[in-house]
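See below for the structure under consideration.
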Amino acid sequence: IPNRKMDSSSAARRRINAIHSHLVTSSRSSPLLRSNPTAGEFCLDNGYSVVLPEKLSTGNWNVYRSARSPFKLVSRFPDHPDIATLHDNFEHAVHEFRDYKYLGTRVRVDGTVGDYKWMTYGEAGTARTALGSGLVHHGIPMGSSVGIYFINRPEWLIVDHACSSYSYVSVPLYDTLGPDAVKFIVNHASLQAIFCVAETLNSLLSCLSELPSVRLVVVVGGLNESLPSLPPSAGVKVVSYSVLLNQGRSSPQQFSPPKPDDVATICYTSGTTGTPKGVVLTHANLIANVAGSSFSVKFFSSDVYISYLPLAHIYERANQILSVYFGVAVGFYQGDNMKLLDDLAALRPTVFSSVPRLYNRIYDGITNAVKTSGGLKERLFNAAYNAKKQALMNGKSASPIWDRLVFNKIKDRLGGRVRFMTSGASPLSPEVMDFLKICFGGRVAEGYGMTETSCVISGMDEGDNLTGHVGSPNPACEVKLVDVPEMNYTSADEPHPRGEICVRGPIIFRGYYKDEVQTREVIDEDGWLHTGDIGLWLQGGRLKIIDRKKNIFKLAQGEYIAPEKIENVYAKCKFVGQCFIYGDSFNSSLVAVVSVDPDVLKSWAASEGIKHGDLRELCNNPRVKAAVLSDMDTLRGFEFAKAVTLVLEPFTLENGLLTPTFKIKRPQAKEYFAEAITNMYKELAASDPTANKAL
């Protein structure tokens with residue numbers, strides 16, 4: 001009997017070992033299980049993603065999940081499954097970190113700037129209760145939408161926490177949308193209360209008669225005696241933030257906690273093709289996304305974070321939810337990007353989130369300073385840089401001498417303590433990412449996401465030194481690529497499957513507010529959100545963004561561009577027969593390829609006394625290019641081309657540049673004019689090295 005037990009135990013152990021070696025990262029494959037296009041293939045190869053069948057009956061293995069949670073999508077924090085809403089998350093922080101620093105600001109009541117002064121988690125919790133009670137005191141019903149119309153400052157987060165605890169829906173309003181868009185959102189979301197500052201109060205009051213839903217306007221930072229008093233017939237009360245707090249303290253109200261499926265916020269995204277769209281996100285959406293992100297992003301209560309990215313955008317919003325969960329201290333910039341470096345020096349953050357546009361500026365500033373220093377300093381920097389880069393590539397630690405001699409001075413630019421940097425909103429070039437890792441010495445992670453997925457879709461895993469990708473799926477979602485045959489992207493592509501990135505899971509938004517048609521355009525019947533981005537799977541299940549499906553693209557500074565709209569404007573230019581506008585998220589400028597009107601070109605050249613052999617020579621003449629660009633500039637608005645290439649050949653069906661309905665085939669045009677596009681960006685970089693990557 002003992003022998004039988006031993007045999008049975010050995011057999012069980014062998015089976016467990018075989019399965020374990022198939023599913024978990026290992027340097028050698030199990031001889032019992034060969035590599036198949038299943039979870040095992042990708043776990044054995046670095047272990048970032050697993051691939052599963054979308055439907056077991058089809059046998060099509062095309063759905064990728066994080067290897068951290070392959071069999072169940074994350075919807076709650078593993079260590080705190082009781083946190084189901086933003087209210088729960090903040091209550092957890094108030095109890096766990098009551099006396100820890102939470103909200104810091106340098107700006108005084110009189111507008112002067114000094115050292116950072118802090119509010120604790122406990123104090124913020126008390127202010128949240130008073131603020132929510134004040135809204136109830138003014139008769140704002142539970143479930144109402146509340147607008148927040150000012151830039152990052154402590155009161156922004158306190159208002160947001162009050163909305164969560166009293167079941168209001170927060171709706172960010174941001175200045176860059178412009179007054180018409182703000183008016184549209186206020187009416188579209190039926191805002192009953194709006195928190196603003198003195199700077200945004202006037203624009204609200206000027207159109208108050210066109211905002212019938214608004215009952216209460218709260219002015220943050222304003223003195224009550226200086227506020228305008230509106231006649232009772234207006235039906236709107238204007239009070240200061242401090243008065244509302246006092247009213248709430250005098251009439252405290254019990255929390256009205258939301259349910260997980262209740263709406264937490266409506267985030268309006270700037271529309272490039274029409275009016276802004278309201279992205280409806282629930283408490284469950286936001287908690288799931290941040291809980292999934294917490295698997296690879298760990299903050300600590302000793303961390304300090306600087307808040308300057310717009311809180312109206314989901315990137316910063318998700319960072320704040322994660323910061324609350326871990327009890328992080330959040331210091332705010334003074335509201336001026338030009339003084340950000342001064343704020344960094346005063347705050348000395350340990351966590352720094354930014355966008356490629358700013359990282360590019362840091363990169364350009366340091367590399368230009370090194371080049372101009374010349375001599376010994378330049379040679380020392382290059383020696384230090386190459387030594388650290390070699391160590392990084394080999395997974396080793398470089399000698400600390402290089403930090404002492406060179407890199408500590410660079411680290412001081414961000415305060416000297418940054419241990420973790422994140423990048424989002426648009427792609428960060430591999431060159432700049434490596435530069436940040438080497439110079440600042442901490443972890444640098446790039447992520448991919450969108451408002452409609454409550455933020456993060458994928459992110460780079462710790463220890464992954466490969467750059468040029470956006471990592472593996474957030475454990476709270478699954479990702480698949482869908483064929484786009486009209487752009488020649490398919491799952492059968494070699495060496496990497498390609499297609500439109502589609503996402504499913506608890507992070508997917510409820511829909512566009514009051515817009516079922518546009519909601520159905522992006523969410524299919526099986527619950528997959530179609531992002532419009534084209535991606536491919538790199539080895540190990542890493543996702544790489546390579547294109548856009550729709551004719552909308554994002555420049556390096558995060559600005560969305562609708563090229564057809566610009567092309568239609570440029571078509572009015574006398575020189576332009578046809579026009580192709582190009583831009584991408586690695587560059588902050590647009591460039592244009594113009595098929596010229598030959599008769600206009602010849603006539604203009606004759607009038608200017610420009611001699612030429614043939615029209616092709618004329619197209620390459622710098623003076624002609626400058627004239628065409630100048631003529632195009634007279635028609636421009638904010639979006640315009642910084643460089644132009646003139647061609648004689650028209651865009652036609654025959655050369656593959658037009659569809660049967662005479663629309664430009666963008667992927668084909670991009671390939672057709674690839675050399676011209678590259679040359680234009682080189683010319684721009686040469687004429688002004690910082691222009692194409694400036695903040």
Side-chain angles (χ1 to χ4, degrees), residues 105 107-111 127 130-141 143-160 162-163 166 168-248 265-268 270-271 275-276 278 310-313 332 334-336 513-514:
T105 181
V107 182
R108 304 285 171 263
V109 175
D110 61 2
L131 209 62
S133 298
L135 290 172
V136 175
H137 168 78
H138 279 276
I140 307 298
S144 298
S145 292
V146 174
I148 309 176
Y149 191 16
F150 49 89
I151 62 171
N152 304 27
R153 54 189 292 168
E155 294 87 349
W156 206 110
L157 292 178
I158 293 171
V159 173
D160 199 36
C163 288
Y166 289 86
Y168 296 120
V169 178
S170 64
V171 181
L173 302 166
Y174 43 115
D175 293 322
T176 52
L177 287 174
D180 291 340
V182 169
K183 185 164 60 176
F184 169 82
I185 292 169
V186 171
N187 288 324
H188 190 254
S190 302
L191 301 189
Q192 296 217 21
I194 299 176
F195 287 78
C196 67
V197 288
E199 293 82 3
T200 53
L201 175 63
N202 290 334
S203 62
L204 276 178
L205 293 178
S206 66
C207 60
L208 206 54
S209 60
E210 301 171 68
L211 310 174
S213 64
V214 177
R215 298 168 54 182
L216 178 68
V217 174
V218 184
V219 184
V220 175
L223 300 173
N224 207 55
E225 53 270 20
S226 64
L227 298 179
S229 57
L230 301 178
S233 58
V236 180
K237 290 181 181 175
V238 180
V239 300
S240 71
Y241 179 85
S242 56
V243 164
L244 187 69
L245 279 176
N246 288 331
Q247 290 171 338
T265 187
I266 304 175
C267 293
Y268 281 82
S270 54
T275 53
L311 270 163
H313 296 169
F332 290 84
Q334 56 187 289
D336 184 349
Y513 191 54
K514 297 179 182 176

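For clarity, every value in this text was computed on a predicted model and none was experimentally measured.
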(Q) Evaluate Tyr241 against Leu131 for side chain to side chain contact (heavy atoms under 4.5 Å, CB included), listing each step before the verdict. (A) CA-CA 8 Å; Tyr241 179 85; Leu131 209 62; 3.6 Å; yes
Q.
So, taking the atom named CG in Leu157 and the one named CG in Asn152, what distance separates them when rounded to the nearest 0.5 Å?
A. 8.0 Å
Q. Do you know the tightest heavy-atom contact between Ser170 and Ile148?
A. CB-CD1, 4.2 Å
Q. If you measure from NE2 on His188 to OG on Ser145, what distance do you get to the nearest 0.5 Å?
A. 11.0 Å
Q: Could you check if a side-chain atom of Leu135 sits within less than 4.5 angstrom of a side-chain atom of Leu216, using non-hydrogen atoms only?
A: yes
Q. Of the non-hydrogen atoms in Val169 and Gly143, which two are nearest, and what is the gap between them?
A. CG2-O, 4.0 Å
Q. So how far is it from Lys237 NZ to Leu244 CG, rounded to the nearest 0.5 Å?
A. 11.0 Å
Q) Quick one: are Tyr174 and Pro310 in side-chain contact, heavy atoms under 4.5 Å? A) no
Q. How far does OG of Ser144 sit from OH of Tyr166, to the nearest 0.5 angstrom?
A. 15.0 Å
Q.
Return the CG to CD1 distance between Leu204 and Ile194, rounded to the nearest 0.5 Å.
A. 5.0 Å
(Q) Is there a side-chain contact between Thr265 and Val171 in this structure, where contact means two heavy atoms from C-beta onward sitting under 4.5 Å apart? (A) no
Q: Applying salt bridge (charged side-chain N to carboxylate O under 4.0 Å, His left out), name anything that partners Arg153, two or more places apart in sequence or on another chain.
A: Glu155
Q. Does the side chain of Leu311 come within less than 4.5 Å of Pro172's, by heavy atoms?
A. no
**Q.** Sub-4.5 Å side-chain heavy-atom contact between Ser240 and Val218
**A.** no
Q) If you look at every heavy atom in Ile140 and Tyr168, which pair is closest and at what distance? A) O-OH, 2.7 Å
Q. Gln247 and His138: which non-hydrogen atoms are nearest, and at how many Å?
A. OE1-NE2, 2.6 Å
Q) Do Leu230 and Leu208 come within less than 4.5 Å of each other through their side chains, counting heavy atoms only? A) yes
**Q.** Closest contact, heavy atoms only, Ala127 versus Leu245
**A.** O-CD2, 3.6 Å
Q) Rounded to the nearest 0.5 Å, how far apart are CG of Leu211 and CD1 of Ile185? A) 12.0 Å
Q: Start with the C-alpha gap between Ser229 and Val238, add the side-chain angles, then the distance that decides, and say whether side chain to side chain contact (heavy atoms under 4.5 Å, CB included) holds.
A: CA-CA 7 Å; Ser229 57; Val238 180; over 6 Å; no
Q: For residues Val219 and Phe195, determine if any side-chain heavy atom of one lies less than 4.5 Å from a side-chain heavy atom of the other.
A: no
**Q.** Side-chain touch Tyr513/Tyr268, heavy atoms, less than 4.5 angstrom
**A.** yes
Q | Exercise: identify the closest heavy-atom pair between Asn187 and Pro212 | A | OD1-CD, 3.4 Å
